[in-house]
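Heads up, the thing below is written out as structure tokens.
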Amino acid sequence: MIGWGDVYKVVAAMAPLYFALGLGYGSVRWWRFFTAEQCAAINTMVVYFSMPFFTFDFVVRTDPFAMNYRVIAADAVSKAIAIAAMAAWARTRCGCAAAKAGAQSWSITGFSLAALNNTLVVGVPLLDAMYGRWAQDLVVQIAVVQSMVWFPLLLMAFELRKAWVVVGPAPAVMSSSPPPEKQSGGGDVEMNGGVVAAPGGGVRLPFWATARTVGLKLARNPNVYASVLGVVWACIAYRVVHGAAGEACGAGLTALGMALRFVAGPLATLVGAAALGLRGDVLHLAIIQAALPQSIASFVFAKEYGLHADVLSTAVIFGTLISLPILIAYYAVLGFV
């Protein structure tokens with residue numbers, strides 16, 4: 001049974017975040033303290049300086065030898081369900097090429113809304129207040145995997161979209177390069193300067209080139225280094241020391257984003273967690289972490305690639321604002337289960 005004292009602990013843990021969020025919003029929206037260029041500079045500083053140190057600080061304090069692999073697997077299953085659902089939805093869209101391209105673009109945004117949550121900034125203080133230190137350790141484990149696995153996959157999806165959707169048909173150009181090479185399998189493919197021209201006239205970048213682009217972007221992303229170095233440092237430390245073994249979108253899109261974030265994501269996690277036999281507070285934690293507000297990094301990537309950044313921005317801001325009563329409701333309901 002959840003008492004008022006438990007609810008107070010949750011509200012007290014979230015109050016500093018709400019104060020900072022309100023102060024930042026008011027500084028830009030009402031008081032005009034910062035220009036758009038200054039906001040962009042602050043975002044860059046947060047993403048490339050503050051967040052890596054913040055992530056590293058949490059990761060190094062988490063014991064990598066006590067990872068709960070069933071929780072991580074359940075989170076992976078939930079994200080796989082989200083990917084499958086978005087891919088199935090995109091395949092059902094019929095019509096012109098532009099409509100199909102739009103469906104593919106929205107499937108990427110839908111995955112971000114349904115599967116990528118704010119594990120560290122919101123999840124750590126919230127779940128620590130709800131369940132204690134063990135919950136904080138679990139959500140940090142999920143955050144590490146999200147940073148090292150799911151965000152690179154999201155970047156890959158963005159790059160594939162840019163190569164297959166944004167580039168569009170190939171213009172007719174004169175070139176003095178060597179004759180095009182022929183490749184078998186599925187029709188002739190002409191290669192010129194690393195760009196593949198498909199028989200239909202569209203431009204297709206080779207997969208290795210896309211993978212290389214993603215690799216270079218990840219190599220310049222300090223958040224990836226923070227996660228990797230944090231895990232390495234934690235492995236060494238626990239082995240040696242412990243002897244361990246803004247923008248806005250329409251009401252309709254906002255409602256869709258909130259439904260994917262706070263309903264579809266937790267439902268997918270429930271299916272994955274139940275399939276892997278999670279029970280009790282561990283199951284409750286898996287569901288609640290899936291209902292955390294939208295990941296800030298997913299908005300940064302969407303902004304960089306110009307794909308529904310307004311939807312992700314609204315999901316981050318509005319979703320964080322309304323998340324507290326929703327998460328408390330989840331906490332209370334799961335307390336009776």
Side-chain angles (χ1 to χ4, degrees), residues 2 6 9-10 13 54-83 114-154 223-224 226-245 261-262 264-293 295 297 323 327 330-331 333-335 337:
I2 305 300
D6 298 315
K9 287 195 301 182
V10 173
F54 184 72
T55 301
F56 182 82
D57 179 60
F58 276 104
V59 172
V60 296
R61 289 185 284 156
T62 300
D63 188 353
F65 301 103
M67 298 280 282
N68 192 319
Y69 294 104
R70 288 206 298 170
V71 172
I72 294 174
D75 182 67
V77 169
S78 72
K79 287 177 171 56
I81 292 174
I83 293 174
L116 300 178
N117 46 23
N118 197 334
T119 46
L120 292 181
V121 177
V122 178
V124 166
L126 180 77
L127 292 168
D128 185 27
M130 287 181 172
Y131 296 108
R133 176 57 189 266
W134 67 269
Q136 173 183 312
D137 292 340
L138 277 184
V139 79
V140 170
Q141 294 173 18
I142 293 172
V144 171
V145 176
Q146 181 168 276
S147 177
M148 298 177 65
V149 177
W150 297 108
F151 281 133
L153 290 178
L154 180 65
N223 291 284
V224 176
S227 297
V228 174
L229 293 177
V231 170
V232 173
W233 183 283
C235 288
I236 296 174
Y238 277 88
R239 175 66 68 183
V240 174
V241 176
H242 298 288
R261 175 70 272 155
F262 296 115
L267 283 178
T269 298
L270 175 61
V271 173
L276 288 165
L278 298 185
R279 297 292 185 270
D281 284 347
V282 177
L283 173 62
H284 299 169
L285 174 137
I287 295 173
I288 290 176
Q289 70 83 26
L292 293 173
S295 164
S323 64
L327 292 168
Y330 269 113
Y331 184 42
V333 171
L334 291 173
V337 177

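Computation of the quantities below employed the complete heavy-atom set of this structure, encompassing side-chain atoms and omitting hydrogens, waters and symmetry-equivalent molecules. Because the structure is a prediction, the values reported are computed rather than measured.
In this structure, Val121 and Phe54 have side chains that are in contact, with non-hydrogen atoms separated by less than 4.5 Å. Between Leu283 and Leu270 there is a side-chain heavy-atom pair separated by less than 4.5 Å.
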task: Determine, stepwise, if the pair Val77 / Val271 fulfils side-chain contact (heavy atoms from CB on, under 4.5 Å).
output: CA-CA 8 Å; Val77 169; Val271 173; 5.8 Å; no

task: For side-chain contact (heavy atoms from CB on, under 4.5 Å), just list the numbers for Ser323 and Leu292, CA-CA rounded to whole Å, side-chain angles, deciding distance to a tenth of an Å, and then say yes or no.
output: CA-CA 7 Å; Ser323 64; Leu292 293 173; over 6 Å; no

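Contact record, Leu278 with Ala286: CD1-CB, 4.4 Å, taken as the closest heavy-atom pair. When every heavy atom of Pro293 is checked against every heavy atom of Leu327, the shortest pair comes out as CD-CD1, 4.5 Å. For the pair Ala74 and Leu276, the tightest heavy-atom approach, listed with the atom from each and the gap, is N-CD1, 3.4 Å. Between Arg261 and Leu116 the shortest heavy-atom distance is NH1-O, 2.8 Å. Among all heavy-atom pairs drawn from Ala297 and Phe151, the shortest one is CB-CZ, 3.7 Å. Of all non-hydrogen atoms in Ala291 and Pro266, the two that sit nearest each other are CB-CG, 3.6 Å.
At distances below 3.5 Å, not a single donor-acceptor pair connects side-chain atoms of Gln141 with backbone N or O atoms of Ile72. A donor-acceptor contact shorter than 3.5 Å is absent between the side chain of Arg133 and the backbone of Asp128. Distance alone, capped at 3.5 Å, is enough to place a donor-acceptor pair between the Tyr330 side chain and the Phe262 backbone.
To the nearest 0.5 Å, atom CG of residue Leu285 and atom CE of residue Met130 are 10.0 Å apart. Between the CD1 atom in Ile142 and the CG atom in Asn68 there is a gap of 8.5 Å [rounded to 0.5 Å]. In this structure, CG on Leu126 lies 9.5 Å from OH on Tyr331, to the nearest 0.5 angstrom.
Under the 3.5 Å distance criterion, with hydrogens and angles disregarded, a donor-acceptor pair is assigned to the side chains of Gln289 and Asn117.
Considering Leu154, Thr119, Asp75, Leu120 in turn, Thr119 is the only one that fulfils the side-chain contact (heavy atoms from CB on, under 4.5 Å) rule with Gln146. A side-chain contact (heavy atoms from CB on, under 4.5 Å) with Ile288 holds for exactly one of Val139, Thr269, Leu334; it is Leu334.
Aromatic ring orientation, Tyr131 versus Trp134: tilted (interplanar angle from 30° to 60°).
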